[in-house]
Undergrad: 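This is the structure, below, for whatever I ask next.
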Amino acid sequence: MTSYEEAEAQVSELDLLSSMFPNEEEFSITDQLALAELRDYTETRTTVPPTFQIQFTLTMKLGDTDSVQGCMHIRCIGLGPPSNNLTNPFLRSPSLVRSQQTQLNSDLNAYLRSNCNGDVCILSATEWLQDNAETYLHSLTPTENVQGAAPSEDAMFTRLWIYSHHIYNKQKRKYILEWSKELGLSGFSMPGKPGIVCVEGEQESCEEFWSRIRKLTWKRILIRHREDVPLSSSASAARTEMQDLRKFPALEEKAFDVHGSRGNHMDLGQLYQFLQGKGCAEIFPMYFGIEGR
């Protein structure tokens with residue numbers, strides 16, 4: 001199968017998922033720019049294959065009640081159908097404590113490895129979850145029920161890499177700084193064209209930041225990449241781990257040799273050096289489609 005055929009197969013399967021889960025609350029592609037690049041590749045057949053990876057989420061009910069939901073995060077690692085190229089799908093739900101969630105995801109991926117051979121295994125995953133999630137929802141030990149173990153999302157470190165067509169507006173820039181401080185997030189913001197915002201910290205706080213930011217008026221804004229790292233169930237251990245995982249201090253604006261007729265462009269070489277110094281050099285091609293230097 002050629003790379004064009006693999007790309008077409010990936011688009012076809014994503015379209016199938018979109019038709020089966022038509023609401024954005026059910027099926028959401030994290031990076032619409034990556035999808036646009038993939039579609040453009042299949043239509044124009046340019047010589048350079050897409051460089052961005054498709055990431056998407058499926059939200060579904062777990063068990064017999066609509067009030068219990070889970071969100072399955074999926075990342076494709078290359079061209080071809082997601083069924084053949086996805087990394088281990090990972091489901092998170094505030095209704096599952098850490099031990100339940102770990103066991104559920106382990107069993108889910110074991111099932112997929114044993115039973116999916118080129119099929120649309122994403123659909124197999126959703127069917128398996130709908131058939132088996134009830135078992136995990138009721139698997140708490142008496143100790144866990146009494147102590148009320150923290151939901152898994154309370155034990156997750158998240159880093160969001162946000163891309164905007166541009167960030168000029170002073171009020172928006174003020175919100176970015178104020179909201180990140182309010183939510184205890186670290187990171188940085190690069191105004192101009194394009195605009196970049198990175199926030200890191202507790203998952204719930206990152207999600208709240210993104211919820212607020214995306215509601216403002218933008219020409220285009222999206223999450224280019226996200227990182228989620230499970231933390232220890234112990235609150236004290238989780239705090240230590242989160243501090244170790246942070247790559248940035250309190251969020252602040254960064255400017256890199258501002259130039260251009262409107263003074264709205266940054267030196268991307270300096271941005272790359274900054275990211276490299278923070279151990280994040282791999283993010284540069286995710287934003288710009290080229291290797292940094």
Side-chain angles (χ1 to χ4, degrees), residues 1-60 71-90 112 116-126 160-167 192-197 210 213-214 217-227 260 264-266 268 271-272 281-293:
M1 185 179 287
T2 67
S3 61
Y4 298 117
E5 292 171 330
E6 290 176 337
E8 288 171 348
Q10 190 168 108
V11 170
S12 295
E13 189 164 321
L14 291 170
D15 286 343
L16 172 63
L17 290 168
S18 181
S19 65
M20 296 186 67
F21 303 94
N23 297 325
E24 185 179 352
E25 292 78 13
E26 296 177 303
F27 174 68
S28 175
I29 295 179
T30 304
D31 188 347
Q32 290 293 329
L33 201 59
L35 178 60
E37 184 186 42
L38 181 66
R39 290 190 185 279
D40 183 67
Y41 178 67
T42 63
E43 294 169 1
T44 63
R45 301 214 164 195
T46 57
T47 57
V48 181
T51 56
F52 303 129
Q53 297 177 340
I54 298 290
Q55 300 181 68
F56 57 94
T57 60
L58 284 174
T59 302
M60 68 208 76
C71 186
M72 184 164 59
H73 296 262
I74 301 165
R75 180 168 65 91
C76 303
I77 57 175
L79 294 177
S83 296
N84 298 334
N85 295 280
L86 55 81
T87 57
N88 291 346
F90 188 84
L112 295 178
C116 292
N117 297 308
D119 297 329
V120 186
C121 65
I122 299 164
L123 301 183
S124 297
T126 61
L160 299 180
W161 295 92
I162 299 170
Y163 169 92
S164 174
H165 179 269
H166 64 264
I167 302 176
K193 182 179 180 181
I196 293 175
V197 180
W210 171 240
I213 286 294
R214 69 184 300 188
T217 303
W218 302 91
K219 182 173 183 177
R220 163 174 278 177
I221 192 167
L222 51 88
I223 296 175
R224 168 59 77 189
H225 181 63
R226 70 177 294 151
E227 303 166 55
N264 60 353
H265 292 282
M266 300 289 179
L268 297 184
L271 169 63
Y272 174 75
E282 72 281 358
I283 296 299
F284 190 89
M286 293 184 186
Y287 270 107
F288 305 107
I290 58 174
E291 295 297 325
R293 60 180 181 176

Undergrad: Short question: side chain of Y163, backbone of V197 - any donor-acceptor pair under 3.5 Å?
TA: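 It does not hold such a pair.
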
Undergrad: Tell me, do D15 and R39 make a side-chain contact under 4.5 Å, heavy atoms counted?
TA: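 In contact.
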
Undergrad: Does the side chain of I221 reach to within under 4.5 Å of the side chain of W210, using non-hydrogen atoms?
TA: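 Yes, at least one pair of side-chain atoms sits under 4.5 Å.
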
Undergrad: Grab the two heavy atoms, one from T57 and one from C71, that are nearest each other, plus how far apart they are.
TA: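 For T57 versus C71, the nearest heavy atoms are CB-SG, 3.8 Å.
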
Undergrad: What residues form a side chain to side chain donor-acceptor pair (under 3.5 Å) with R226, not counting sequence neighbours?
TA: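 With sequence neighbours excluded, R226 shows a side chain to side chain donor-acceptor pair (under 3.5 Å) to E207, D228, given in chain and number order.
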
Undergrad: Supply the atom-to-atom distance H166 NE2 to K219 NZ, rounded to the nearest 0.5 angstrom.
TA: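 One finds 7.5 Å between NE2 of H166 and NZ of K219.
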
Undergrad: Partners of E282 by side chain to side chain donor-acceptor pair (under 3.5 Å), sequence neighbours excluded?
TA: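 Not a single residue meets the side chain to side chain donor-acceptor pair (under 3.5 Å) criterion with E282.
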
Undergrad: Look up atom NZ in K193 and atom CD1 in I167, then write down how far apart they are to the nearest 0.5 Å.
TA: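 Rounded to the nearest 0.5 Å, the NZ-CD1 separation comes out at 13.5 Å.
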
Undergrad: Please report the interatomic distance CZ(R214) to OG(S164), rounded to the nearest 0.5 Å.
TA: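 OG of S164 is found 13.5 Å from CZ of R214.
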
Undergrad: Taking side chain to side chain donor-acceptor pair (under 3.5 Å) as the test, write out the residues that go with D40, two or more places apart.
TA: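 Expected list: none.
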
Undergrad: Could you tell me the separation between the CG atom of L14 and the OG atom of S19, rounded to the nearest 0.5 Å?
TA: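 Going from the CG atom of L14 to the OG atom of S19 covers 11.0 Å.
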
Undergrad: Closest approach of T126 and F21, non-hydrogen atoms and distance?
TA: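 Heavy-atom minimum between the residues: CG2-CZ, 4.4 Å.
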
Undergrad: Quick one: list whatever passes salt bridge (charged side-chain N to carboxylate O under 4.0 Å, His left out) with R220, sequence neighbours left out.
TA: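 Applying salt bridge (charged side-chain N to carboxylate O under 4.0 Å, His left out) to R220 gives none.
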
Undergrad: Sequence neighbours excluded, which residues qualify as side chain to side chain donor-acceptor pair (under 3.5 Å) partners of W161?
TA: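 For W161, the residues satisfying side chain to side chain donor-acceptor pair (under 3.5 Å) (neighbours in sequence not counted) are E227.
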
Undergrad: Evaluate the ring planes of Y41 and Y4, with Trp represented by its six-membered ring, and classify them as parallel (under 30°), tilted (30 to 60°) or perpendicular (over 60°).
TA: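 Taking Y4 first and then Y41, their aromatic rings lie parallel (interplane angle under 30°).
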
Undergrad: Among residues at least two apart in sequence or on other chains, which ones pass ring-ring contact (aromatic ring centres under 6.0 Å, His included) with H165?
TA: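 Per chain and number, H165 pairs via ring-ring contact (aromatic ring centres under 6.0 Å, His included) with no residue.
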
Undergrad: About how many Å separate CD1 of I162 and CG of L222, when rounded to the nearest 0.5 Å?
TA: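 So the gap between those two atoms works out to 9.5 Å.
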
Undergrad: If you take all heavy atoms of W218 and I213, which pair is closest and at what distance?
TA: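 Where W218 meets I213 most closely, the heavy atoms are NE1-O, 2.7 Å.
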
Undergrad: For F27, give me all partners under ring-ring contact (aromatic ring centres under 6.0 Å, His included), at least two apart in sequence or on another chain.
TA: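 For F27 the ring-ring contact (aromatic ring centres under 6.0 Å, His included) partners, ignoring immediate neighbours, are F56.
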
Undergrad: Enter the distance from E5:CD to T42:OG1 here, rounded to the nearest 0.5 Å.
TA: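 OG1 of T42 is found 12.5 Å from CD of E5.
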
